[in-house]
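Start at 1 and go down the list; that is how both ligands and their atoms are numbered.
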Amino acid sequence: MRLARRAAVAIAAGTLLTGLAVHGTATATAPVAGDATRTLTVAPAQADTLREAAAEQGRFIGTALNDGLLGNAAYSAIAGGEFSSVTAENAMKWGSLEPNRGQYNWAGADRLVEFAAAHGQQVYGHTLVWHSQLPGWVENGGFAPAELREIVDNHIATVAGRYAGEIDRWDVLNEVFNENGTFRDSVFHRAFGEEYIADAFRAAHAADPEAALFINDYNTDGINAKSDAMYRLVSSLLADGVPVHGVGFQSHMILGQMPSTYRANLQRFSDLGLEVVVTELDIRMNTPSDAARLDQQADQYRQVIGDCLAVSGCSGVTVWGVSDRDSWIPGVFPGEGAANLYDDDYRPKPAYGAVLDALGGAPGPDPTDPDPTDPDPTDPGTPAGCTAAYRVVSSWGGGSVVEVSVTTAAALDGWQARFTLPAGARVTNGWNAVFATSGGAVTASHVAHNRAVPAGGTVGFGFQADTGAHAAPVVALNGAECERR
Ligand code: XIL
């Protein structure tokens, strides 16, 4: 099972890289089918998803994933299409995995790992040892230290062992400090003192030697007593040879309260040789929001991304949740919210544009807008033939990724490819074409860089749909049906 999942990641990642080459390189060439000496030149294009833009910066952009929402097409299309890393919002917490001693509930965590594999995403495991969302049987079990030691070691070995090789980073420890920098009281600290921290790192490393091991906390974003304590702790762990590889900065921020020492703080941890990650970013405000404050929020998001990019050890930023609708904020901070990149209807907010821009990307064409350069739809079409391959790269409950490749016998100056999806299904995201859907009929129109196709040339485009079902449709090019390849 493990090997199969790993292979799936490799395949999905390879697929994405192919897509990236078209999107991201200044001038890319692709061999034209049937003639090895000729190439189609692809014009430069800026990355138009967060994940592509982040990849071009050598960073990841993540989201906290709620596996219970994967049946929502908009949610899963954004989560899979825009983000290159997923953190389990709740599914890998001890209380979710082992609510009763010895009774494991793996379904949610497995679903998340499978979703990540299908979308070529990294997985950020969260979290092995934490005082919160801890099952009552651990917290209130009254165990003697020796038995608690066994329980914790067994938990780490079981969970990190199950997903070994599939998790890129683990929050081994979460929230070990009080605000003044002393160690937080917890069942673990009471039994073992601060040694429980080093022991947890060693146990996690033994269970999954490939994962980068993190300690994560909140209100450690700027330089303050709490982040000083974190700095001292990781410095001494490193000096003792404990396998700690990174520090997570949750960055649950308040609008207008960007710590002025944010970058300097990330930098000092990076200077220790550690990886640093912004692990749970959100920027909340009093609700309802308004345009001015959404713009201010966009600026603050931009600053966070800029600070991460400025620090060489900062490998990525995870936003805590996909949209304002699924964010934890309104439930925990009543009267506050609007903290994420997408609004309650999964529309990108100004903050989305700011993050994309800060990562060096630019928005692509809106799939719902008609392309002004569309060929005349009454055009009788290309008389010569075409062949087409329609390939479902991956599919899951409520969605799929499809790649279409069309080879034309005649040269084209502008093209439209038409095919059908099951009735009611929609294209939610796509690349290398502009998409319009109407009652299951999809029209994919050329974009500037692939408008001209020489005789014998091939164009490829891809999309995500909010359906997992496809009926191997016939593809028509400029009105003429193509032979299936
Ligand atoms: C939150 C989740 O978002 C909520 O759904 C859950 O009810 C409580 O936990 N710091 C952390 C995260 O490390 O695990 C928390 O996630 C948010 C604060």
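Using a 4.0 Å cut-off between heavy atoms, N90 contacts ligand 1 through its side chain alone, with no backbone atom that close. Looking at N66 against ligand 1, nothing comes within 4.0 Å, counting heavy atoms.
Considering backbone and side-chain atoms together, W130 places no N or O closer than 3.5 Å to any N or O of ligand 1. Inclusion of N216 in the set of residues having an N or O under 3.5 Å from an N or O of ligand 1 is not warranted.
Shown in contact with E89 at under 4.0 Å from a heavy atom are these atoms of ligand 1, numbered in order with element: 2 (C), 3 (O), 4 (C), 5 (O). Remark: ligand 1 atoms within the under-4.0 Å shell around heavy atoms of W320 are 2 (C), 3 (O), 12 (C), 14 (O), 16 (O), 17 (C). Counting the atoms of ligand 1 from 1 in the order shown, those under 4.0 Å from a heavy atom of H126 are 11 (C), 12 (C), 13 (O), 14 (O). For ligand 1, the atoms closer than 4.0 angstrom to any heavy atom of Q250 are 10 (N), 11 (C), 13 (O), 18 (C). When each atom of ligand 1 is checked for a heavy atom of E280 under 4.0 Å away, the hits are 10 (N), 11 (C), 12 (C), 13 (O), 17 (C), 18 (C).
Taking the six-membered ring for Trp and thresholds of 30 and 60 degrees, F249 and F269 have ring planes more than 60 degrees apart, a perpendicular arrangement. Aromatic ring orientation, H155 versus W94: parallel (interplanar angle below 30°, classes split at 30° and 60°).
Side-chain atoms of F115 and W396, non-hydrogen and from C-beta on, do get closer than 4.5 Å to each other. In this structure the side chain of R263 reaches within 4.5 angstrom of the side chain of V311, judged on heavy atoms. Put simply, the side chain of I78 does not reach to within 4.5 Å of the side chain of Y352, judged on heavy atoms.
No donor-acceptor pair under 3.5 Å is formed between the side chain of T428 and the backbone N or O of A77.
With H252, Q133, E175, K93 as candidates, the residue nearest to atom 16 (O) of ligand 1 on a non-hydrogen basis is K93.
For D153 and R149, the salt-bridge test passes: some basic side-chain N is under 4.0 Å from an acidic carboxylate O.
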